[in-house]
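Keep in mind that the numbers below use all heavy atoms, side chains included, and drop hydrogens, waters and symmetry copies.
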Amino acid sequence: MNHWLVKSEPFKYSWDHLVAEKTGVWDGVRNYAARNNLMSMKVGDLVLFYHSNEGKEVVGLARVSKEHYPDPTTDDPRWVVVELQPVEKFPKTVTLEQVKADKRLQHIPLVTQSRLSVQPIGKPEFDIIVSLAHD
DNA sequence: GCCAACGTTGGC
DNA sequence: GCCAACGTTGGC
């Protein structure tokens, strides 16, 4: 199983929005690197949910409930979506500041490639963030 | 196929 | 609101 981190501006699509919908369609990705990551997602993969701009923190955990299919918001066949379901709202959010301050997390894409909206994350780093969220 | 111009993202 | 990083577009 792989682990991921997705980013969303809470103004556009927030964690609470995902919880309210129960199943969220992750649409609107228009970047090849992010798209390739979407296409690598498997049902059951765990996904950290990060709020960019406002908050700048990891707020919860989701899982992939449906693998990629063509993005219904465009006729362009290059773009795909996946579906996500909320798993857990973290008792404590993990801020970007915390991530940057942690030596073990210096090399994750959230830090090194801040613009990528769908990122892979290693199991060890994933576990570190989850444990920070339960401190 | 290169590269300059331009647009967007996202942290500060 | 600014700006750095970086992706995309289009002229050559």
Side-chain angles (χ1 to χ4, degrees):
Chain A
M1 129 146 59
N2 290 310
H3 299 79
W4 310 93
L5 182 148
V6 297
K7 303 199 300 188
S8 180
E9 297 189 50
F11 175 74
K12 282 194 202 159
Y13 192 92
S14 68
W15 170 260
D16 288 342
H17 194 160
L18 177 65
V19 170
E21 284 193 320
K22 297 202 174 64
T23 296
V25 179
W26 206 257
D27 61 23
V29 169
R30 298 291 182 270
N31 168 286
Y32 289 109
R35 190 275 315 260
N36 291 344
N37 289 329
L38 286 183
M39 295 198 306
S40 300
M41 287 184 179
K42 301 292 181 203
V43 168
D45 280 1
L46 294 174
V47 182
L48 296 168
F49 195 110
Y50 175 83
H51 280 169
S52 62
N53 269 310
E54 257 176 85
K56 285 172 289 179
E57 56 195 7
V58 181
V59 292
L61 182 64
R63 60 182 279 279
V64 177
S65 59
K66 189 167 182 183
E67 283 162 30
H68 68 92
Y69 58 91
D71 189 333
T73 66
T74 176
D75 289 334
D76 192 327
R78 293 175 299 172
W79 307 119
V80 302
V81 300
V82 297
E83 291 181 6
L84 299 179
Q85 290 176 344
V87 172
E88 182 199 15
K89 181 188 173 77
F90 287 144
K92 290 180 63 179
T93 61
V94 181
T95 63
L96 180 61
E97 197 179 7
Q98 277 178 278
V99 170
K100 284 185 166 175
D102 195 313
K103 284 200 173 60
R104 300 167 298 176
L105 300 174
Q106 292 301 297
H107 59 284
I108 66 171
L110 184 66
V111 177
T112 61
Q113 233 188 314
S114 64
R115 289 187 50 198
L116 186 59
S117 60
V118 181
Q119 324 183 342
I121 184 166
K123 176 79 162 71
E125 292 79 12
F126 174 89
D127 287 342
I128 290 165
I129 291 174
V130 169
S131 71
L132 288 173
H134 292 90
D135 256 356

side-chain N/O Gln113(A) vs dG7(C) OP1/OP2, d < 4.0 Å: yes

Touch class at under 4.0 angstrom, heavy-atom based, for Asn31(A) against every strand present: sugar-phosphate

Within the 6.0 Å centroid threshold, strictly below: Phe49(A) and Trp26(A): yes

Glu125(A) side chain to His107(A) side chain, donor-acceptor N/O pair below 3.5 angstrom: yes

Whole angstrom value for the distance that separates P of dG7(C) from CG of Asn37(A): 12 Å

Interatomic distance, Glu9(A) CD vs dT8(B) P [rounded to whole Å]: 13 Å

Distance, rounded to the nearest Å, where Lys56(A) contributes NZ and dC12(B) contributes C1': 7 Å

Options dT8(C), dT8(B), dC12(B), nucleotide nearest the side-chain atoms of Arg115(A): dT8(B)

Residue among Arg78(A), Arg30(A), Arg35(A) satisfying side chain to side chain donor-acceptor pair (under 3.5 Å) with Asp71(A): Arg30(A)

Any Lys12(A) side-chain nitrogen or oxygen under 4.0 Å from OP1 or OP2 of dG10(B): no

Value in whole Å for how far the P atom of dT8(C) lies from CZ of Arg78(A): 9 Å

Protein-nucleotide distance (Gln119(A), atom CD; dA5(C), atom P), rounded to Å: 17 Å

Distance below 4.0 Å between Tyr50(A) side-chain N/O and dT9(B) OP1 or OP2: no

Nearest-Å distance for atom pair CG/C1', residues Leu116(A) and dT9(B): 11 Å

Whole-Å gap separating P (dG10(B)) and CD (Glu54(A)): 13 Å

Atom pair CD1/CD1 of Ile129(A) and Ile121(A) - distance to nearest 0.5 Å: 3.5 Å

Minimum-distance nucleotide (side-chain atoms of Leu96(A) versus dG10(B), dG7(C), dC12(B)): dC12(B)

Rounded distance [0.5 Å steps], NZ in Lys89(A) versus CG in Asp16(A): 5.0 Å

Nucleotide dG11(B), atom P - distance to CD of Glu57(A) in whole Å: 11 Å

